[in-house]
Amino acid sequence: MDLVTEGVLTLNAAVDRLAELKKLRSSRKQDGATLLAKMLSNADTIKIIAGLAINPAHQNPSFPMQMNIKAQVLNKLKTTLQSKGKEVIIEWV
């Protein structure tokens with residue numbers, strides 16, 4: 001992939017789908033999370049370029065200031081992909 005732009009909710013759903021590769025591969029769903037998960041499962045090396053901006057809609061005021069939902073989801077995605085033998089690089093810009 002050269003470029004994928006997805007939101008935190010779609011990325012989190014893609015992580016969930018990657019957890020069950022056999023089910024993912026047989027899925028006929030055409031939603032963004034399923035399609036993204038399929039693309040990621042077929043890649044050997046994934047480079048994620050993530051912006052540092054925080055979407056206020058995804059922030060809970062009761063969370064500590066240092067808690068960044070985007071970073072958590074991307075780290076979860078990285079860990080999931082690495083457990084599947086993928087090389088994952090996250091670059092923050």
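Sequential numbering from 1 along the given sequence is applied to the chain's residues.
- Arg17 contributes atom CZ, which lies 9.5 Å from atom CG of Leu35 (distance to the nearest 0.5 angstrom).
- Side chain of Thr79 to main chain of Asn75: a donor-acceptor pair is present (N/O by atom type, distance under 3.5 Å, no hydrogens or angles).
- In this structure, the side chains of Ile46 and Leu77 stay at 4.5 Å or more apart for every pair of heavy atoms.
- Between Leu11 and Leu36, the closest side-chain pair of non-hydrogen atoms falls below 4.5 Å.
- Gln82 pairs with exactly one of Lys86, Lys84, Lys78 by the side chain to side chain contact (heavy atoms under 4.5 Å, CB included) rule, that one being Lys78.
- With contacts defined as side-chain heavy-atom distances shorter than 4.5 Å, the pair Glu87/Asp44 does not qualify.
- Minimum interatomic distance between Val73 and Val15 (heavy atoms only, all atoms of both residues): O-CG2, 4.4 Å.
- Checked by atom type and distance alone, the side chain of Ser41 pairs as donor or acceptor with a backbone atom of Lys38 at under 3.5 Å.
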Q: Take Asn12 and Ile69 through the test side chain to side chain contact (heavy atoms under 4.5 Å, CB included) and record every step on the way to the result.
A: CA-CA 10 Å; Asn12 199 44; Ile69 294 172; over 6 Å; no

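- Taking 4.5 Å as the limit, every side-chain heavy atom of Lys47 sits out of range of all side-chain heavy atoms of Thr45.
- Here the straight-line distance linking atom OG1 of Thr80 with atom CG of Leu18 works out to 6.5 Å at 0.5 Å rounding.
- Listed by chain and number, the residues in a side chain to side chain donor-acceptor pair (under 3.5 Å) with Lys76 amount to none (sequence neighbours excluded).
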